[in-house]
Amino acid sequence: MSKAFTSEETPDDELVVRPRAPLPPSTPNYVTPRGLAALKEEHRTLEAERARVETVSDDAERRRGATELSVRLTELAARIATAEVVDPKTLMQDTVHFGALVTVRSGSGERRYQIVGADEADPAQSRIAFFAPL
């Protein structure tokens, strides 16, 4: 493993690109229509950033930026290409499934979650990945 991935501090010439949240092995890449739109918007944003980075005058900074964006765009393109859109509106409303809004009751009260794909998961926004152990 590269030293860049084992230390919090990295020299200026090392690049650390944080990978996207992985899907469990053999797990489909389910996304909601909202999730696919967000992935495509992220792709557009990164493409615009790549165009900006190409104009940077410092060679080392330009190379670092271009490499980071290339890695991120490659991972993102793979996620978009493998996305299986599931529209929650077309599924049964009385069962727990991908895209469903679920109410969890416990001794401390109720919490509502939406079951979403890996790239949409955001517990702070009550969106959890369909493979998350809740």
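Salt-bridge annotation for R44 and E47: absent, with no side-chain N of the basic residue lying under 4.0 Å from a carboxylate O of the acidic one.
In the hydrophobic clustering of this structure, V96 does not group with L101; members are Ile, Leu, Val, Met, Phe, Trp, Tyr whose side-chain heavy atoms approach within less than 4.5 Å, directly or through other members.
Each ring pair (Phe, Tyr, Trp, His ring centres under 6.0 Å) pair with one or both residues in residues 48-68, not counting sequence neighbours, would appear here, but there are none. Counting only residues at least two apart or in different chains, ring pair (Phe, Tyr, Trp, His ring centres under 6.0 Å) contacts with residues 24-50 comprise Y30-F98, Y30-F130. For residues 71-90, no residue pair satisfies the ring pair (Phe, Tyr, Trp, His ring centres under 6.0 Å) rule, not counting sequence neighbours.
Looking at residues two or more places apart in sequence or on another chain, you find no side-chain hydrogen bond (donor to acceptor under 3.5 Å, both in side chains) involving E84. With sequence neighbours left out, E49 forms a salt bridge (charged side-chain N to carboxylate O under 4.0 Å, His left out) with R52.
In this structure, V86 and P33 approach most closely via the heavy-atom pair O-CD, 3.5 Å. Taking each heavy atom of R62 and V53 in turn, the nearest pair found is CG-O, 3.4 Å.
The CG atom of D87 sits 11.5 Å away from atom CG of L36, with the distance rounded to the nearest 0.5 Å. A distance of 9.5 Å separates OG1 of T45 from CZ of R72, quoted to the nearest 0.5 Å.
Formation of a donor-acceptor pair under 3.5 Å by the T67 side chain with backbone atoms of R63 is found in this model.
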Run the side chain to side chain contact (heavy atoms under 4.5 Å, CB included) test on L39 and E42 for me, step by step, so that the C-alpha distance in whole Å, both residues' side-chain angles and the decisive distance to 0.1 Å come before the verdict.
CA-CA 5 Å; L39 289 172; E42 181 181 354; 4.3 Å; yes
Could you pull out all donor-acceptor pairs under 3.5 Å where a side-chain atom in residues 112-121 meets a protein atom, sequence neighbours excluded?
| residue | atom | partner | partner atom | Å |
| --- | --- | --- | --- | --- |
| Q114 | NE2 | G99 | O | 3.2 |
| D119 | OD1 | R20 | NE | 3.1 |
| D119 | OD1 | R20 | NH2 | 3.2 |
| D119 | OD1 | R79 | NH1 | 2.8 |
| D119 | OD2 | R79 | NH1 | 2.6 |
| E120 | OE1 | T32 | OG1 | 2.6 |
| E120 | OE1 | R34 | NH1 | 2.7 |
| E120 | OE1 | G35 | N | 3.4 |
| E120 | OE2 | T32 | N | 3.2 |
| E120 | OE2 | T32 | OG1 | 2.9 |

